[in-house]
Amino acid sequence: MTQLLVFVKNLELNQCSQFTSCETCAGIVDSGISCRWCLESNECIPSKYLCHPWKTVIHDINCPLSKIPTTYSDTFLRTEVAAYIHAANRVSEYSPVGAPMSCLMKLKARVDVLNELDVPTKLEGRTIGVLIGVNHDLQHIFIGFRSTNDPVQFVSQFYVFMMGWMEDFPLGGKMVAIYSRMYKEILEFGFDDCLEKAVIKYPTYSLVVTGHSLGGAMSTVFALHVAMKYPQKLTSLYSVSAPRSGDETFVKLLRQHTRRLEYLKLSKPPITIVLKYSMEVTWLLIIM
């Protein structure tokens with residue numbers, strides 16, 4: 001019996017050892033054996049007991065970059081994105097209507113605020129701010145989401161993450177429950193109607209979606225939403241210091257539409273990674 005167990009174990013190891021990279025190994029199921037990549041030993045293994053769980057990759061989406069980028073560009077809108085994020089953070093029950101303009105007035109461009117949506121959220125009993133505006137000089141409609149601005153909202157996100165509470169996301173995959181519910185609540189509040197009016201009024205303008213922290217997570221969610229709703233438009237996403245919003249399937253859904261991968265460095269630090277999707281959505285993640 002012992003010899004049989006050793007034979008079966010060696011067979012399993014051999015089935016996974018044929019894969020020599022994280023991308024070819026992680027998540028592969030070969031004859032019922034689920035392979036995973038061990039970052040510690042840099043080898044493909046068939047069992048979670050052969051590598052520390054924190055150093056095991058079970059989905060190719062999470063494989064580390066095989067080569068650190070060395071070519072950068074600095075053509076993205078640092079000043080504008082910063083102003084949009086600050087302006088979105090002024091959409092709050094603690095700020096008067098019109099407060100976002102105090103941040104946007106710092107820009108030299110001609111900018112108008114179209115909508116300020118302070119959306120009530122049921123899970124933690126707070127709100128999420130959404131700003132829709134237009135930059136006439138750069139000819140884009142920008143959508144900003146407010147950062148976490150309340151201790152209860154921060155702790156609620158923490159507990160949802162700790163519980164691993166995920167829900168089915170309408171656009172595909174699973175989403176962290178608090179972000180999935182905020183997504184639905186923002187839509188129910190009339191987001192699509194507000195954006196549709198802006199798109200009709202400025203049909204040639206592109207779309208920019210941004211936010212920091214909680215706003216960064218929601219901007220990631222809504223970048224996919226608006227890109228699918230307006231596939232003919234270029235949609236750019238600038239998500240700053242955001243927690244992860246969706247699962248590997250959600251990320252894979254985005255990667256299926258990837259057209260090219262670019263890297264750029266805005267400052268030292270951070271390093272920014274830009275992904276451009278075939279549905280004309282640019283995904284910018286800023287890793288602090």
Side-chain angles (χ1 to χ4, degrees), residues 73-120 126-150 153 182 186 189-223 225-226 230 233-242 264-270 272 274 281-286 288:
S73 62
D74 193 11
T75 58
F76 282 77
L77 313 173
R78 288 182 297 175
T79 303
E80 285 76 11
V81 168
Y84 299 159
I85 291 175
H86 282 298
N89 287 343
R90 300 298 300 275
V91 180
S92 165
E93 61 271 30
Y94 306 115
S95 301
V97 175
M101 201 62 201
S102 63
C103 301
L104 298 173
M105 288 173 63
K106 299 175 182 178
L107 296 174
K108 296 180 180 179
R110 293 177 297 119
V111 178
D112 291 324
V113 171
L114 303 180
N115 300 98
E116 299 177 37
L117 309 178
D118 194 26
V119 183
R126 295 298 187 267
T127 65
I128 173 71
V130 185
L131 177 69
I132 301 176
V134 59
N135 187 319
H136 297 290
D137 289 9
L138 297 176
Q139 296 194 341
H140 62 229
I141 299 166
F142 60 86
I143 306 162
F145 294 86
R146 192 183 70 214
S147 310
T148 303
N149 73 338
D150 184 276
Q153 196 168 62
M182 284 182 178
I186 291 171
F189 199 79
F191 172 86
D192 278 344
D193 289 340
C194 293
L195 184 58
E196 180 70 16
K197 291 177 182 178
V199 171
I200 292 174
K201 189 173 183 180
Y202 306 102
T204 61
Y205 285 17
S206 60
L207 300 172
V208 170
V209 190
T210 189
H212 164 262
S213 184
L214 166 62
M218 295 311 300
S219 66
T220 303
V221 176
F222 272 88
H225 174 83
V226 300
Y230 302 102
K233 284 189 173 293
L234 172 65
T235 301
S236 301
L237 165 63
Y238 297 79
S239 180
V240 183
S241 299
L264 56 98
K265 190 174 184 180
L266 297 187
S267 60
K268 301 180 181 179
T272 57
V274 179
V281 53
T282 305
W283 191 16
L284 171 62
L285 301 179
I286 301 185
M288 306 303 290

Q: Taking all non-hydrogen atoms of both residues into account, name the closest pair between Glu80 and Leu138 and its distance.
A: CG-CD1, 3.8 Å
Q. What is the distance from atom CD1 of Ile85 to atom CZ of Phe145, rounded to the nearest 0.5 Å?
A. 12.0 Å
Q) Parallel, tilted or perpendicular: which describes the rings of Tyr205 and Tyr202, with under 30° parallel and over 60° perpendicular? A) parallel
Q) Do Leu114 and Lys197 come close enough that some side-chain heavy atom pair is under 4.5 Å? A) no
(Q) Any non-hydrogen side-chain atom of Leu207 less than 4.5 Å from a side-chain atom of Phe222? (A) no
Q.
Within the 4.5 Å heavy-atom criterion, are Val199 and Lys233 side-chain neighbours or not?
A. yes
Q. With Ala83, which residues qualify under side-chain contact (heavy atoms from CB on, under 4.5 Å), at least two apart?
A. Leu104, Leu107
Q: Sorted by first residue and then second, give each salt bridge (Lys or Arg N to Asp or Glu O under 4.0 Å) pair with at least one member in residues 96-113; sequence neighbours left out.
A: Arg110-Asp137
Q: Using ring pair (Phe, Tyr, Trp, His ring centres under 6.0 Å) as the criterion, list what pairs up with Tyr84, not counting sequence neighbours.
A: His140, Phe142
Q) With side chains defined as the heavy atoms from C-beta onward, is the minimum distance between Val91 and Val130 less than 4.5 Å? A) no
Q) By ring pair (Phe, Tyr, Trp, His ring centres under 6.0 Å), which residues pair with Phe189, not counting sequence neighbours? A) none
Q: Determine whether Ser219 and Leu237 make a side-chain contact, defined as any pair of heavy atoms from C-beta on separated by less than 4.5 Å.
A: yes
Q.
Using 0.5 Å steps for rounding, measure from the CZ atom of Arg90 to the OG atom of Ser102.
A. 4.0 Å
Q: Using the test side-chain hydrogen bond (donor to acceptor under 3.5 Å, both in side chains), find all partners of His86 that sit at least two apart in sequence or belong to another chain.
A: none
Q.
Can you list everything that forms a side-chain contact (heavy atoms from CB on, under 4.5 Å) with Asp150? Sequence neighbours excluded, please.
A. Tyr94, Arg126, Val152, Gln153
(Q) Tell me the closest heavy-atom pair linking Ser206 and Leu234, and the distance in Å. (A) CB-O, 3.3 Å
Side-chain polar contacts of residues 208-216 - donor-acceptor pairs under 3.5 angstrom, sequence neighbours left out - could you list them?
unit_1: Thr210; atom_1: OG1; unit_2: Tyr238; atom_2: O; d: 2.8
unit_1: His212; atom_1: ND1; unit_2: Ser147; atom_2: OG; d: 3.1

Q | Ile143 side, atom CD1; Cys194 side, atom SG - distance, nearest 0.5 Å | A | 10.5 Å
Q: Not counting sequence neighbours, which residues clear side-chain contact (heavy atoms from CB on, under 4.5 Å) with Glu196? List them please.
A: Ile200, Lys229, Tyr230
Q: Scan for salt bridge (Lys or Arg N to Asp or Glu O under 4.0 Å) pairs involving residues 206-216, sequence neighbours excluded, and state none if there are none.
A: none
Q.
Going by the rule side-chain hydrogen bond (donor to acceptor under 3.5 Å, both in side chains), which residues pair with Asn115 if we only count those two or more places apart in sequence or in a different chain?
A. none
Q. Do side-chain atoms of Arg146 reach the backbone of Asp118 as a donor and acceptor pair under 3.5 angstrom?
A. no
Q: Quick one: closest heavy-atom pair of Gly144 and Ala88, and the distance?
A: C-CB, 3.6 Å
Q) Minimum heavy-atom separation for Pro120 to Thr127, with atom names? A) CA-CG2, 4.0 Å
